[in-house]
Engineer: 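Quick one: this structure, given as structure tokens, is what I'll be asking you about.
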Amino acid sequence: MKVLIVLFALGVLLQCEAKQLSRCELVRELRKHGFPEEQNERLHAGVCLVENESSRRTDIVSGPNSDGSRDYGLFQINDRYWCSSTSQPGKDCNVTCKQLLSDNISKAAACAKKIYQRHGFDAWYGWKNKCRGKPLPDISSCKK
Ligand SMILES: *[C@@H]1O[C@H](CO)[C@@H](O)[C@H](O)[C@H]1NC(C)=O
Ligand SMILES: *[C@@H]1O[C@H](CO)[C@@H](O)[C@H](O)[C@H]1NC(C)=O
Ligand SMILES: CC(=O)N[C@H]1CO[C@H](CO)[C@@H](O)[C@@H]1O
């Protein structure tokens with residue numbers, strides 16, 4: 001019984017930590033952080049990319065990849081070039097990887113934009129494998 005209660009409490013805790021956005025919440029966040037309405041294609045693409053990279057979860061860390069690097073957050077940004085896995089902000093986005101796991105996606109979105117400006121969406125495997133040349137997710141029901 002005690003074990004069950006502890007497990008339950010742990011489950012509740014983990015659930016609060018793990019933040020998964022709905023599709024429309026994601027759309028709203030992306031609009032707010034540099035994927036504007038007038039670039040609807042880019043917004044659409046951003047939604048597809050995020051859905052395939054992180055299932056819209058802000059706190060997800062994956063890896064290690066074959067080169068030992070890890071990927072962080074909504075946009076699964078890599079710590080080899082873009083974020084610093086130390087406690088000091090650094091690398092090309094001048095952030096810590098931990099900052100990319102925040103529910104406030106401002107830093108993660110800014111970093112994703114930087115990556116996009118340099119390499120386009122092809123920087124993301126989730127985009128190349130699951131989105132490029134395919135129908136993009138329907139976001140028409142998400143309020144402006
Ligand atoms: C990096 O960000 C810190 C604040 O987090 C800032 O003080 C510093 O000037 C920035 N460095 C560069 C090179 O932009
Ligand atoms: C989100 O983070 C950014 C930069 O770190 C900050 O300027 C902004 O005020 C934060 N927004 C909220 C709602 O906390
Ligand atoms: C693994 C995963 O999240 N795949 C998704 C990729 O994007 C398409 C289009 O939005 C979804 O249908 C898949 O579920």
Side-chain angles (χ1 to χ4, degrees), residues 5-144:
I5 290 170
V6 169
L7 281 179
F8 178 75
L10 202 65
V12 169
L13 270 177
L14 287 175
Q15 204 140 50
C16 295
E17 284 289 315
K19 171 84 175 188
Q20 182 170 34
L21 304 175
S22 71
R23 179 174 284 174
C24 286
E25 281 172 334
L26 174 64
V27 166
R28 203 176 321 133
E29 289 295 319
L30 290 179
R31 277 183 185 139
K32 211 161 61 180
H33 295 284
F35 293 74
E37 201 56 48
E38 55 275 19
Q39 287 160 327
N40 209 22
E41 274 311 301
R42 206 157 108 187
L43 180 62
H44 249 95
V47 171
C48 186
L49 182 155
V50 166
E51 293 197 341
N52 279 287
E53 288 284 347
S54 64
S55 302
R56 299 185 229 106
R57 287 181 49 170
T58 54
D59 64 338
I60 198 166
V61 180
S62 60
N65 303 313
S66 53
D67 63 358
S69 65
R70 289 178 190 276
D71 301 316
Y72 293 82
L74 213 54
F75 303 92
Q76 289 291 281
I77 290 171
N78 193 270
D79 64 6
R80 185 160 182 200
Y81 305 110
W82 304 103
C83 66
S84 162
S85 47
T86 71
S87 59
Q88 288 303 311
K91 303 246 171 129
D92 283 15
C93 288
N94 191 26
V95 290
T96 65
C97 298
K98 200 156 173 262
Q99 288 174 315
L100 301 179
L101 304 177
S102 171
D103 286 349
N104 174 351
I105 74 160
S106 143
K107 294 237 191 276
C111 186
K113 264 191 292 182
K114 189 169 225 173
I115 299 171
Y116 169 78
Q117 277 155 11
R118 245 183 248 174
H119 303 291
F121 285 124
D122 277 356
W124 284 272
Y125 286 109
W127 165 260
K128 280 212 277 206
N129 296 335
K130 301 275 181 61
C131 305
R132 193 170 68 185
K134 299 199 168 74
L136 295 176
D138 182 11
I139 57 172
S140 58
S141 66
C142 301
K143 285 202 294 280
K144 299 265 154 86

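All ligand and atom numbering here is 1-based and tracks the order in the structure.
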Engineer: Can you confirm whether some protein heavy atom lies under 4.0 Å from atom 7 (O) of ligand 2, or whether none does?
Structural biologist: no
Engineer: Closer than 4.0 angstrom, basic N to acidic O: yes or no for Glu25 and Arg28?
Structural biologist: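 No salt bridge links Glu25 with Arg28.
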Engineer: Just going by heavy-atom distances, which of Ile105, Asn104, Val95 is nearest to atom 12 (C) of ligand 2?
Structural biologist: Asn104
Engineer: Please state which protein non-hydrogen atom is closest to atom 13 (C) of ligand 1 and give its distance, to 0.1 Å?
Structural biologist: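 Result: Asn94 ND2, 4.4 Å.
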Engineer: Between Glu53 (side chain) and Val50 (backbone), is there a donor-acceptor pair under 3.5 Å?
Structural biologist: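 Checked: no pair found.
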Engineer: Taking the side chain as everything from C-beta on, heavy atoms only, tell me whether Val47 gets closer than 4.5 Å to Leu30.
Structural biologist: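 Yes, at least one pair of side-chain atoms sits under 4.5 Å.
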Engineer: Give the atom numbers and elements of ligand 2 that come within less than 4.0 Å of a heavy atom of Lys107.
Structural biologist: 5 (O)
Engineer: Are any non-hydrogen protein atoms located under 4.0 Å from atom 4 (C) of ligand 1?
Structural biologist: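 Neighbour list for atom 4 (C) of ligand 1 is empty of protein heavy atoms (cut-off 4.0 Å).
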Engineer: Search all heavy atoms of Lys91 against all heavy atoms of Cys83 and return the closest pair with its distance.
Structural biologist: CG-O, 3.5 Å
Engineer: Does a salt bridge link Lys114 with Asp92, judged by any charged N lying under 4.0 Å from a carboxylate O?
Structural biologist: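 Salt bridge between Lys114 and Asp92, a charged N being under 4.0 Å from a carboxylate O: no.
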